[in-house]
Amino acid sequence: DTYSSLPEHINFLEGDVSTANWLARQQKLEAYKKDLAEDMTILFGYPEWVLLKGDGLKNAHNLNTVIYSRFYYDGNSSRCQAFEDKFKNMFKKEIIKTTPIQAAIGFDTGYFLINALRKGNGNVVDSQYRYDGLQYGFYFGDYEDGNGIENKALFFISFKPDGTIQRVMY
């Protein structure tokens, strides 16, 4: 059963997910979690990215947080570390740590286009190629009304209490 591993309590935070709003909710959420004395997951979408640094990242892990987003770069993953090492070796400088990572945007876009063109015999749209990149995902499909295409890739990023991060593309 797909849902058997989900915690019994899933809390959805909606509306303003700014840093100030998240920090104000943290203490209440931590207290609520202690009162439950069992697993709890917080799900919300598209936070300000500064939220997921420093204490905000630590709290995201503590609260078993899941977010959805069009992009996420996990600088601690072996894949991203290998990319950063190759970048430094090739360009003799570190990647600039912005959000999003500009070097990863270029790499992901180029990698997707080259492979989609190859798989689609020169036609990116017909390739149906799915790419789960370093930071971005690409999967193009038709709009519901059939007038054009859109990137349908979306990530769910889980910040686990053990400090790990899991990113799944849908």
Side-chain angles (χ1 to χ4, degrees), residues 1-7 10 12-14 17 22 39 41-54 56-91 93-144 146 148-170:
D1 179 31
T2 305
Y3 302 104
S4 63
S5 64
L6 290 176
I10 299 176
F12 295 90
L13 297 183
E14 56 185 314
V17 191
W22 171 246
D39 285 344
T41 295
I42 306 292
L43 174 66
F44 65 92
Y46 234 80
E48 290 181 358
W49 286 102
V50 71
L51 169 77
L52 299 174
K53 303 208 183 274
L57 179 60
K58 179 182 165 196
N59 290 324
H61 283 290
N62 289 340
L63 291 169
N64 198 25
T65 303
V66 179
I67 64 169
Y68 68 87
S69 179
R70 291 277 182 194
F71 72 93
Y72 185 74
Y73 185 87
D74 180 4
N76 294 322
S77 74
S78 59
R79 205 169 151 213
C80 290
Q81 287 292 313
F83 171 71
E84 290 181 27
D85 292 344
K86 287 178 183 177
F87 183 95
K88 184 177 181 182
N89 190 32
M90 182 177 283
F91 298 107
K93 59 170 60 174
E94 301 280 339
I95 285 180
I96 299 171
K97 302 289 181 146
T98 58
T99 303
I101 304 283
Q102 299 300 311
I105 293 172
F107 178 85
D108 285 342
T109 303
Y111 193 94
F112 168 77
L113 287 173
I114 290 166
N115 286 288
L117 286 168
R118 185 179 302 141
K119 293 177 187 293
N121 293 321
N123 188 332
V124 173
V125 177
D126 290 342
S127 74
Q128 293 300 301
Y129 175 58
R130 295 176 67 95
Y131 174 65
D132 182 355
L134 296 170
Q135 177 169 254
Y136 282 97
F138 292 100
Y139 174 65
F140 287 94
D142 292 328
Y143 278 118
E144 287 183 21
I149 61 168
E150 65 182 329
N151 184 6
K152 295 183 177 270
L154 182 68
F155 293 119
F156 284 90
I157 304 110
S158 300
F159 300 89
K160 304 290 185 186
D162 66 2
T164 60
I165 298 172
Q166 178 186 19
R167 185 185 80 176
V168 178
M169 187 175 96
Y170 290 94

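Everything quoted here is computed from the prediction, not taken from an experiment.
Between atom CE of residue M169 and atom OH of residue Y131 there is a gap of 10.0 Å, rounded to the nearest 0.5 Å.
Partners of F107 according to the ring-ring contact (aromatic ring centres under 6.0 Å, His included) rule, which considers only residues two or more places apart in sequence or in another chain, are F83, Y111. Applying the salt bridge (charged side-chain N to carboxylate O under 4.0 Å, His left out) rule to D132 yields the partners R167; only residues at least two apart in sequence or on another chain are considered. In terms of the ring-ring contact (aromatic ring centres under 6.0 Å, His included) criterion, residue partners of F87 (sequence neighbours excluded) are, by chain and number, F91. Annotation: side chain to side chain donor-acceptor pair (under 3.5 Å) contacts of Q166 (sequence neighbours excluded): none. Residues passing the salt bridge (charged side-chain N to carboxylate O under 4.0 Å, His left out) test with K97, sequence neighbours excluded: E84. Legend: residues meeting salt bridge (charged side-chain N to carboxylate O under 4.0 Å, His left out) with K152, ordered by chain and number and at least two apart, are E150. Legend: residues meeting side chain to side chain donor-acceptor pair (under 3.5 Å) with Y129, ordered by chain and number and at least two apart, are absent. With sequence neighbours excluded, no residue forms a salt bridge (charged side-chain N to carboxylate O under 4.0 Å, His left out) with E144. Residues meeting the side chain to side chain contact (heavy atoms under 4.5 Å, CB included) test with K86, sequence neighbours left out: none. Partners of R130 by side chain to side chain donor-acceptor pair (under 3.5 Å), not counting sequence neighbours: none found. In this structure N115 satisfies the side chain to side chain donor-acceptor pair (under 3.5 Å) test together with R118, sequence neighbours excluded.
The stretch residues 153-164 participates, sequence neighbours left out, in no salt bridge (charged side-chain N to carboxylate O under 4.0 Å, His left out) pair at all.
Between D108 and F138, some side-chain heavy-atom pair lies under the 4.5 Å cut-off. Within the 4.5 Å cutoff, no side-chain heavy atoms of H61 are placed close to those of P161. Side-chain contact between I165 and N76 is absent, with no heavy atoms from C-beta onward closer than 4.5 Å. In this structure the side chain of F156 reaches within 4.5 angstrom of the side chain of Y170, judged on heavy atoms. Residues F159 and L57 meet the side-chain proximity criterion, which asks for heavy atoms closer than 4.5 Å. Proximity of C80 to Y73: side-chain heavy atoms (C-beta onward) are separated by under 4.5 Å at one or more points.
Side-chain atoms of Y139 and N151 form no donor-acceptor pair, as typed in the model, at a separation below 3.5 Å.
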For ring pair (Phe, Tyr, Trp, His ring centres under 6.0 Å), just list the numbers for Y136 and F71, CA-CA rounded to whole Å, side-chain angles, deciding distance to a tenth of an Å, and then say yes or no. CA-CA 5 Å; Y136 282 97; F71 72 93; 5.5 Å; yes

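Each of L134, T99, I157 was evaluated against Y72; a single residue qualifies, I157, per the side-chain contact (heavy atoms from CB on, under 4.5 Å) test.
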